[in-house]
Amino acid sequence: MSERIQSYTLFFPYYLAEHSKAACRAFHYVGTFSSSALLVAFIVTGEWFYLALWPVVGYGAAWFSHFFIEHNQPATFKYPFWSLISDYYMTFLWLTGRLKPHLDMALSD
C-alpha cells in the first residue's frame with residue numbers, strides 16, 4: 001500500500017490483513033498481555049524498570065512475528081498510533097470471540 005490511509009475505518013482491515021497468520025496474531029496477543037502486565041507493574045510499584053521494558057516486550061513480540069512469520073513490515077513503522085490501538089482492539093475482539101468476521105472481511109479483499 002503506497003498511499004497513506006486517511007481513516008481508521010480503512011486502516012483496521014489493512015491491519016488485520018497484515019496479520020493473516022494465526023501464529024503472528026498469537027505473538028501479538030502475548031506481547032499485548034505481557035506489555036500490559038508490565039505497565040500495571042509500573043503503576044503499582046513505581047519501578048521505572050517495568051516502564052522501560054514495556055515497549056521492548058510489546059513491540060519485540062510483534063515485530064518478531066512480522067519479520068519471521070508474516071514476512072512483512074510492521075504497520076507500526078508507518079502508522080504508530082493506529083497500530084497500537086489496533087493491537088489492543090484485535091486482542092479484545094479475539095478474547096470476546098468476535099475477531100473472525102473482521103478477519104474474514106479483511107482477508108477477502
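Sorted pairs that involve residues 8-37 and meet salt bridge (Lys or Arg N to Asp or Glu O under 4.0 Å), not counting sequence neighbours, are lacking altogether. Residues in residues 89-103 take part in these salt bridge (Lys or Arg N to Asp or Glu O under 4.0 Å) pairs, two or more places apart or across chains: Lys100-Asp104.
Classification of the Phe12-His102 ring pair by plane angle, with boundaries at 30° and 60°, yields perpendicular. Ring geometry for Phe11 against Trp82 counts as tilted: the plane angle lies between 30° and 60°, on a 0 to 90° scale.
Not a single side-chain hydrogen bond (donor to acceptor under 3.5 Å, both in side chains) links Thr45 to another residue, sequence neighbours left out.
Ser65 and Glu70 are not linked by any side-chain donor-acceptor pair at a separation below 3.5 angstrom, with hydrogens and angles left out of the test. Looking only at atom types and distance, the side chain of His66 has a donor-acceptor partner in the side chain of His19 under 3.5 Å away. In this model, no donor atom of one side chain and acceptor atom of the other lie less than 3.5 Å apart for Ser86 and Tyr79.
In this structure a side-chain-to-backbone donor-acceptor pair under 3.5 Å is present from Ser108 to Met105.
Nearest heavy atoms, Leu107 versus Ala17: CD2-CA, 3.8 Å. Considering all non-hydrogen atoms of both residues, Ile5 and Leu10 come closest at CG2-CB, 3.8 Å.
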Side chains of residues 46-63: which donor-acceptor partners sit under 3.5 Å, not counting sequence neighbours?
residue: Trp54; atom: NE1; partner: Ser35; partner atom: O; Å: 3.4

For residues 87-95, which side-chain donor-acceptor pairs fall under 3.5 Å, sequence neighbours excluded?
residue: Asp87; atom: OD1; partner: Tyr15; partner atom: OH; Å: 3.1
residue: Asp87; atom: OD1; partner: His28; partner atom: ND1; Å: 2.8
residue: Asp87; atom: OD2; partner: Thr32; partner atom: OG1; Å: 2.5
residue: Tyr88; atom: OH; partner: Ser36; partner atom: OG; Å: 3.2
residue: Thr91; atom: OG1; partner: Asp87; partner atom: O; Å: 2.8

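Linking Ile, Leu, Val, Met, Phe, Trp and Tyr residues whenever their side-chain heavy atoms come within less than 4.5 Å places Ile85 and Leu103 in a single cluster. Residues Tyr8 and Phe77 fall into different hydrophobic clusters, defined by Ile, Leu, Val, Met, Phe, Trp and Tyr side chains chained together at heavy-atom separations under 4.5 Å. Residues Leu84 and Tyr29 do not share a hydrophobic cluster, defined by chaining ILVMFWY side chains whose heavy atoms lie under 4.5 Å apart. Cluster annotation: Ile69 is not connected to Leu16 through the hydrophobic network of ILVMFWY side chains, with a link wherever side-chain heavy atoms come within less than 4.5 Å.
Chaining together hydrophobic side chains whose heavy atoms lie under 4.5 Å apart places Val44 alongside Val40.
At most 12 non-hydrogen atoms from other residues, nucleotides or ligands lie less than 6.0 angstrom from CZ of Phe81.
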